[in-house]
Trainee: 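Please find one structure pasted underneath; my questions will follow.
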Amino acid sequence: MGMTVENDRRCFCCGPDNPDGLRLEISYPSKSTAEASLVVDPRYAGWQGITHGGLLSTVLDELMAHACIASGLKTVTAEMTTRFLKAVPVGTRIRVTGAVTSERGRVVFTEGKLYDADGKLAAEATARFVKV
């Protein structure tokens with residue numbers, strides 16, 4: 001069964017019509033970059049008071065995907081690697097960036113960075129996206 005990839009405004013991260021989503025407001029500082037910030041809701045804790053790594057990975061994936069969108073590309077995530085550098089307390093503001101670093105055929109290479117409330121790098125990721 002084939003699938004189409006269309007924006008129905010219900011994306012967990014950026015969809016304005018998803019009542020359970022993060023509703024990120026994403027900006028595009030340049031043709032191949034994306035940026036957003038949010039205050040992490042305490043519902044997204046892993047260990048007490050610490051943001052769950054899965055949520056951090058999700059937001060990094062989203063900003064790298066939006067870097068592809070900023071480049072005029074329609075893609076889906078194929079592979080992602082995340083490095084966690086420090087704990088991120090819930091209830092604090094994070095800033096996340098995504099950038100396209102290169103393309104090779106149908107594959108788009110990206111990087112993402114996540115900064116804590118003090119502006120220190122707390123997590124980083126690389127991913128390969130595939131054009132659809």
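The first residue in the sequence is number 1, and the count goes up from there.
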Trainee: Report yes if the side chains of Thr97 and Tyr115 come closer than 4.5 Å at any heavy-atom pair, otherwise no.
Mentor: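 Thr97 vs Tyr115: side chains touch.
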
Trainee: State whether the side chain of Thr81 and the backbone N or O of Thr126 hold a donor-acceptor pair below 3.5 Å, judged by distance alone.
Mentor: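 Absent.
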
Trainee: Could you tell me the separation between the CZ atom of Arg128 and the OG atom of Ser102, rounded to the nearest 0.5 Å?
Mentor: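 Here the rounded value is 11.0 Å.
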
Trainee: In the structure I gave you, are the side-chain heavy atoms of Ser57 and Glu62 within less than 4.5 Å of one another anywhere?
Mentor: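 Counting from C-beta outward, Ser57 and Glu62 never come under 4.5 Å.
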
Trainee: Can you confirm whether Leu63 sits close enough to Leu24 that some side-chain heavy atom of one is under 4.5 Å from a side-chain heavy atom of the other?
Mentor: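 Touching, per the 4.5 Å side-chain cut-off.
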
Trainee: Distance-only, no hydrogens or angles: does the Arg95 side chain make a donor-acceptor pair with backbone N or O of Ser37 under 3.5 Å?
Mentor: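 Judged by distance alone, no pair lies under 3.5 Å.
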
Trainee: What pair of heavy atoms forms the shortest contact from Ala87 to Ile50, and how long is it?
Mentor: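 Looks like CB-CG2, 4.0 Å.
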
Trainee: Flag the pair Glu124 / Glu111 as yes when at least one side-chain heavy-atom distance between them is below 4.5 Å, and no otherwise.
Mentor: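 No; the side chains remain at least 4.5 Å from each other.
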
Trainee: Search all heavy atoms of Val108 against all heavy atoms of Glu103 and return the closest pair with its distance.
Mentor: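 Shortest heavy-atom contact: CG2-CG, 4.1 Å.
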
Trainee: For the hydrophobic clusters of this structure (ILVMFWY residues joined by side-chain heavy atoms under 4.5 Å, transitively), does one cluster hold both Ile69 and Phe109?
Mentor: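 No, no single cluster joins them.
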
Trainee: Any salt bridge linking Asp41 with Arg43? Criterion: basic side-chain nitrogen under 4.0 Å from a carboxylate oxygen.
Mentor: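 Yes.
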
Trainee: Spell out, yes or no, whether Val130 and Met64 are grouped together once hydrophobic residues are joined by side-chain heavy atoms under 4.5 Å, including indirect joins.
Mentor: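 Val130 and Met64: separate clusters.
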
Trainee: Which atoms form the tightest heavy-atom contact between Ala123 and Leu121, and what is the distance?
Mentor: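 Heavy atoms only, the tightest pair is O-CD1, 3.5 Å.
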
Trainee: What's the spacing between Thr75 OG1 and His66 NE2 if we round to 0.5 Å?
Mentor: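 So the OG1 of Thr75 and the NE2 of His66 are separated by 10.0 Å.
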
Trainee: What heavy-atom pair brings Phe12 and Asp20 nearest, and what distance separates the two atoms?
Mentor: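 Of all heavy-atom pairs spanning Phe12 and Asp20, the closest is CE1-O, 3.6 Å.
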
Trainee: I would like to know whether Val40 and Ile94 meet side chain to side chain contact (heavy atoms under 4.5 Å, CB included); could you show each step before the answer?
Mentor: CA-CA 7 Å; Val40 180; Ile94 59 173; 4.0 Å; yes

Trainee: Would you name the heavy atoms of Ala34 and Ile26 that are closest together and state the gap between them?
Mentor: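 Closest approach of Ala34 to Ile26, heavy atoms only: CB-CG2, 3.9 Å.
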
Trainee: For atom NZ of Lys120, is the number of surrounding heavy atoms from other residues, nucleotides or ligands below 6.0 Å larger than 12?
Mentor: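 Counting other residues, nucleotides and ligands, NZ of Lys120 stays at 12 neighbours or fewer.
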
Trainee: Determine the minimum heavy-atom distance between Pro42 and Val90, stating which atoms define it.
Mentor: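 Heavy-atom minimum between the residues: CA-CB, 3.8 Å.
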
Trainee: Does Lys131 use its side chain to pair, donor to acceptor, with the backbone of Gly105 at less than 3.5 Å?
Mentor: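 Confirmed, Lys131 side chain pairs with Gly105 backbone.
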
Trainee: For Ser71, is there any backbone N or O sitting under 3.5 Å from a side-chain donor or acceptor partner on Ser32?
Mentor: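 Pair absent, no side-chain N/O of Ser32 close to backbone of Ser71.
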
Trainee: Side chains of Thr82 and Leu56: does their closest heavy-atom pair fall under 4.5 Å?
Mentor: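 The answer is no, as the side chains (C-beta and beyond) never meet within the 4.5 Å cut-off.
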
Trainee: Going by the side chain to side chain contact (heavy atoms under 4.5 Å, CB included) test, name the single residue among Cys14, Cys11, Cys13 that passes it with Leu22.
Mentor: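 Result for side chain to side chain contact (heavy atoms under 4.5 Å, CB included) with Leu22: Cys13.
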
Trainee: Any non-hydrogen side-chain atom of Leu114 less than 4.5 Å from a side-chain atom of Phe84?
Mentor: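 Answer no - side chains too far apart.
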
